[in-house]
S.K.: 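One structure, pasted below without further comment.
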Amino acid sequence: MPELPEVETTKRGLEPYVVGQTIERLLVRDARLRWPVAPALPRQLKNRVVQALERRAKYLLFRFEHGTVISHLGMSGTWRVVADVANSEQDYRTHDHLALRLGSGDELRYHDPRRFGCFIFTKMPAEHPLLSKLGPEPLGDCFDGDYLFARSRGRKAPVKSFLMDNHVVVGVGNIYAQEALFRAGIHPLRLAGRVGHERYHVLAAVVREILTVAISRGGTTLRDFRSSNGEPGYFAQELNVYGRAGERCHGCGSVIKQARLANRTTGYCPTCQT
DNA sequence: AGTTTAACCTGGGTGC
DNA sequence: TGCACCCAGGTTAAAC
């Protein structure tokens, strides 16, 4: 589920429930996430106050006075808020791996069937390997066509791989990489170093627009964090190539093709994308 | 150093 | 029903 827009939506949804709250208890029901949840973590967080909840790339950052929890949703992670938890403590669902009991009486529960997510505490987040090498935010000021053009010179990887590289720019996942390249008219297999300045200008603008629109969609589908999440709609109606192999291009009517790139399915229009 | 590949997991769908 | 396979919104570490 989580691409950048959903992580952002999750962050905005949790924020009012968690910021300023004291962690009364962290319950680790299953520590086997991408990296095991440290046995010391419940003790480290007990009675600490969440100063802020932020997003960097697809990471959620729980800020405390003494450090930061770096959390990721992996491929299948979700958070939800359970209100008045004293009366519903036993209704944990399968794959509810973490439970954060808050001073308010609410409980934040982390659910992740595939367990690709993580929940790591560090005192120096800026130096943490997971964060220190990340590229700029796609919705931030540093990301534009000039930047992409400069970074891509000499690169021989396909432009789609380049766009999905977290060292280049963060938050562009498999769906939005495909959709952005379609809208920019760029073939996903074209070498990054052989895409021109003007096309990178278009690509950067399109990435921004797609993510911005998707965030607005996520905000509507995931607004109620106190009930179980409905499946996000992602803007299924606006999808042009993702999951559409064999169907007709919305632009020209050609049959959408599919390629395998870095083990990821990649749809594209052989006519519109060059 | 840049690029590709394998690996981490569960669950849902498909085909035999 | 069962089973064997393939696929899935991500990312790192290892291998070319």
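The model shown is predicted, which means the values in this text are computed figures rather than measured ones. Chain naming here is simple, since letters A, B, ... match the order of the sequence lines and numbering starts at 1 in each.
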S.K.: Please classify the nucleic acid contact of A/Arg155 as base, sugar-phosphate, or nothing, using heavy-atom distances under 4.0 Å.
M.R.: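 Since only primed, P, OP1 and OP2 atoms lie under 4.0 Å of A/Arg155, the category is sugar-phosphate.
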
S.K.: Which comes earlier along DNA chain C counting from the 5' end, the contact point of A/His72 or that of A/Arg114, where each point is its nearest nucleotide?
M.R.: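 The residue mapped nearer the 5' terminus is A/Arg114.
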
S.K.: For A/Thr266, does its backbone N or O pair with a side-chain atom of A/Gln258 as donor and acceptor, under 3.5 Å?
M.R.: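 It does not hold such a pair.
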
S.K.: Does the side chain of A/Arg115 get closer than 4.0 angstrom to OP1 or OP2 of B/dC8 through an N or O atom?
M.R.: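 False: A/Arg115 side-chain N/O out of range (4.0 Å or more) of B/dC8 OP1/OP2.
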
S.K.: For the P atoms, the ones on B/dC9 and on C/dC3, what distance do you get once it is rounded to whole angstrom?
M.R.: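 B/dC9 and C/dC3 have their P atoms separated by 23 Å.
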
S.K.: What's A/Leu130 touching, base or sugar-phosphate or nothing? Going by heavy atoms closer than 4.0 Å.
M.R.: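 Contact class for A/Leu130: sugar-phosphate only.
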
S.K.: Expressed as a whole number of angstroms, how long is the span from A/Lys160:NZ to B/dT4:P?
M.R.: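 My rounded result for the distance is 12 Å.
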
S.K.: Rounded to whole Å, please give me the gap between CG in A/Asn263 and C1' in B/dC9.
M.R.: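 For the pair A/Asn263 CG and B/dC9 C1', the rounded distance is 15 Å.
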
S.K.: Cut-off 3.5 Å, no hydrogens considered: what does the side-chain donor-acceptor table look like for residues 114-130 of chain A, sequence neighbours left out?
M.R.:
from	atom 1	to	atom 2	distance (Å)
A/Arg115	NE	A/Arg32	O	2.5
A/Thr122	OG1	A/Met124	N	3.2
A/His128	ND1	A/Leu130	N	3.0

S.K.: Hunt down the Watson-Crick or G-U wobble partner of B/dC9, both distances under 3.5 Å, from any strand shown, or write none.
M.R.: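 Across all strands, not a single nucleotide pairs with B/dC9.
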
S.K.: Measuring from the side chain of A/Tyr59 (C-beta onward, heavy atoms only), which nucleotide among C/dG9, C/dT12, B/dT10 has the closest atom?
M.R.: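 Output: C/dT12.
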
S.K.: Looking at DNA chain C, which of residues 164-173 of chain A put a heavy atom within less than 4.0 Å of it?
M.R.: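 By residue number: A/Asn166, A/Gly173.
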
S.K.: From the list C/dT11, B/dC9, C/dG9, which nucleotide is the closest neighbour of the side chain of A/Lys58?
M.R.: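 Of all the options, the side chain of A/Lys58 is nearest to C/dT11.
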
S.K.: Applying side chain to side chain donor-acceptor pair (under 3.5 Å) to A/Glu107 and A/Tyr92, what does each step give before you reach the verdict?
M.R.: CA-CA 11 Å; A/Glu107 191 167 271; A/Tyr92 290 110; 2.7 Å; yes

S.K.: On a whole-Å scale, what distance lies between the C1' atoms belonging to C/dG9 and B/dT3?
M.R.: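 Here C/dG9 and B/dT3 have their C1' atoms 23 Å from each other.
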
S.K.: With centres under 5.5 Å and planes under 30°, do A/Phe116 and C/dT11 count as stacked?
M.R.: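 One would not call A/Phe116 stacked on the C/dT11 base.
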
S.K.: Can you say whether a donor on the side chain of A/Arg34 sits under 3.5 Å from an acceptor on the base of C/dT11, or the other way round?
M.R.: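 Yes, the side chain and the base share a sub-3.5 Å donor-acceptor pair.
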
S.K.: Across all strands shown, which nucleotide pairs with C/dG9 by Watson-Crick or G-U wobble geometry, both distances under 3.5 Å?
M.R.: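 By the stated definition (distances under 3.5 Å), nothing pairs with C/dG9.
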
